[in-house]
Amino acid sequence: MNTEKPIKKDEYHEVEIEGLGHEGEGVGRVNDFTVFVPYALPGDRVKAKIIKVKNTYSYARIVNIIEPSKYRIDPACTVFFKCGGCQLQHLDYAQQLVLKRQLVIDNLERIGKFDNIKVNKTIGMETPMRYRNKMQLPVGNSRTGSINIGFYAHKTHDIIETDTCYIQPHINEEIIRIIRQWMEEKKITAYDEQTGKGLIRHIYTRIGFKTEEIMVVLVTNRRKIPNIKDLINTLTKINKNIVSIVQNINLEKSNVILGKENILLWGKDTITDFIGDIKFNISPISFYQINPLQTEILYNKVTEYAQLTGEETVFDLYCGIGTISLFLAQKAKKVIGVEIIPQAITDAKHNAKINNINNVEFYAGAVEETIPHLYKKGYMADVVVVDPPRKGCDEELLKTIIDMKVGRIVYVSCNPSTLARDLRILADNSYQIKEIQPVDMFPHTSHVECVVLITRVKD
Ligand code: SAH
């Protein structure tokens, strides 16, 4: 067999970039062989150096841009090309929305073998900046020994220092500045991943966008924090919305950010926020959607597609802390939420209680086991909402939904390729894919979220 590849490592090639890959990298072809080029954009013509050749694809690095895409812009962020947080800040925002929709269509065609599904224009943000309600910043030491606070560079644990992150609210810059100053003045040490020594590991904040409440969490490598009173005094003075300061102790030598123990240092142990009219109490460990403005748009779309009259039983599967369940409960007869993480189900029950919502039931368990079990016991749904993780729905679950002859399915997806795979299974089993609505939950990153309306066509 001829294993000779059409391109080789270290060669230079001119590449026309034709599409975007899953991680926001440019995709082109050289000698009919796929080349992924990070930071290249569709419409760019670049000179690229091949750095890695695999069996069916290769990776290359831009040497220079011969002709830029007409949508290429200067990124607002000065560390964009080093930081791993965003992938598309160098692409005009309107065009990001166009390409995210195209990514969905490409997956439907390539993986799902669909050719004429209605895919609406991506719903973007009016102001696609400062949208995140959660920040997790590593703290470390620079080579010269100064304190480093920033974001990890792409696929590494090198901390890229930055004062401004454009997708984070401004207040975080102030909080970082104060913590840095306190550490310098009081000689508080930063954690060193290599040696496992040093006190402050991460600065973590959560913000309620509707209530404006702020929680500041210091993740530490020991229990005792010297001079913590000074930090609390300064933080609470600069902004009255800082209502909660928590210490999280993480003694593990691992990549996991939060440890098991939370100690309340000042104020309340949770902050409150709302999505629509539904209230949530958020602790350091609670799962909560990251972009609350777009979440509301996403859930409104789910509600629209669910077409509830008040008579329906709804299953909300992969329900997390029950956000969609509680949203829909207002319009349904009954909602049953299922989620694998027991703590999330405890939170979901608590959230139902604080909102006085009584027509919901929550079960902790894997949906592929719980739903067949409930079905055997006689439970039925008129509408099923699924919101699975990136790997998509378990086949056993899809099989049960098909057996139950559920009339309407609303599929919320964060991964167009597994979505396309699952939609093919449903389409082959009496379901029609009516409409797909992409929603941009994470501007400037390569993520695409979709809501899909699926209806049953025959018995
Ligand atoms: N619908 C929620 C959360 C969706 S995230 C919201 O909008 O906020 C996907 C969720 O699926 C996660 O909470 C994850 O813990 C859960 N999950 C993953 N695999 C699962 C499984 N096999 N069964 C049930 N839940 C699962």
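Numbers here simply count residues along the sequence, with the first being 1. Note that the structure is predicted; figures quoted are calculated from it, not measured. Note that ligands are numbered from 1 as they come in the structure, with each ligand's atoms numbered from 1 the same way.
- Contacts between D387 and ligand 1 below 4.0 angstrom, taking non-hydrogen atoms only, involve backbone and side chain alike.
- Ring orientation note: the planes of H444 and Y93 are tilted relative to one another, at an angle of 30° to 60°.
- A donor-acceptor contact closer than 3.5 angstrom links the side chains of Q343 and D347.
- Within the 4.5 Å cutoff, the side chain of I214 has no heavy atoms near those of the V243 side chain.
- Contact annotation: for Y288 versus ligand 1, there are no heavy atoms closer than 4.0 Å.
- With a 4.0 Å heavy-atom cut-off, ligand 1 is reached by the backbone of C319 but not by any atom from C-beta on.
- Considering every non-hydrogen atom in both S325 and D316, the closest pair reads OG-OD2, 2.5 Å.
- Using a 30° and 60° split on the angle between ring planes, F327 and Y299 fall in the perpendicular class, above 60°.
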Begin with the C-alpha distance, continue with both residues' side-chain angles, and end with the deciding distance and a verdict on side-chain contact (heavy atoms from CB on, under 4.5 Å) for I371 and V338.
CA-CA 8 Å; I371 295 306; V338 182; 3.9 Å; yes
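- Counting the atoms of ligand 1 from 1 in the order shown, those under 4.0 Å from a heavy atom of F287 are 3 (C), 8 (O).
- The shortest separation from a heavy atom of G322 to ligand 1 is not under 4.0 Å, leaving the residue out of contact.
- If you check each of Q343, Q289, E339, E368 against atom 12 (C) of ligand 1, the one with the closest non-hydrogen atom is E339.
- At the shortest separation from atom 8 (O) of ligand 1 among protein heavy atoms lies T323 OG1, 2.9 Å.
- Annotation: side chain of I238 is in contact with side chain of E174 (closest heavy-atom distance under 4.5 Å).
- The cationic group of R424 lies under 6.0 Å from the six-membered ring centre of F114 and within 45° of the ring axis, placing it in a cation-pi geometry.
- Near G365, the atoms of ligand 1 lying under 4.0 angstrom from a non-hydrogen atom of the residue are 23 (N), 24 (C).
- By the 30° and 60° cut-offs, the orientation of the rings of Y59 relative to F36 is tilted.
- Selection from F327, Y299, Y318 by nearest heavy atom to atom 6 (C) of ligand 1 gives Y299.
- By the 4.0 Å heavy-atom criterion, I341 is counted among the residues contacting ligand 1.
- The protein heavy atom nearest to atom 23 (N) of ligand 1 is V367 N, 2.9 Å.
- Given atom 25 (N) of ligand 1, the protein heavy atom at minimum distance is I340 N, 3.1 Å.
- Protein heavy atom closest to atom 18 (C) of ligand 1, with residue, atom name and distance, is P389 CG, 3.6 Å.
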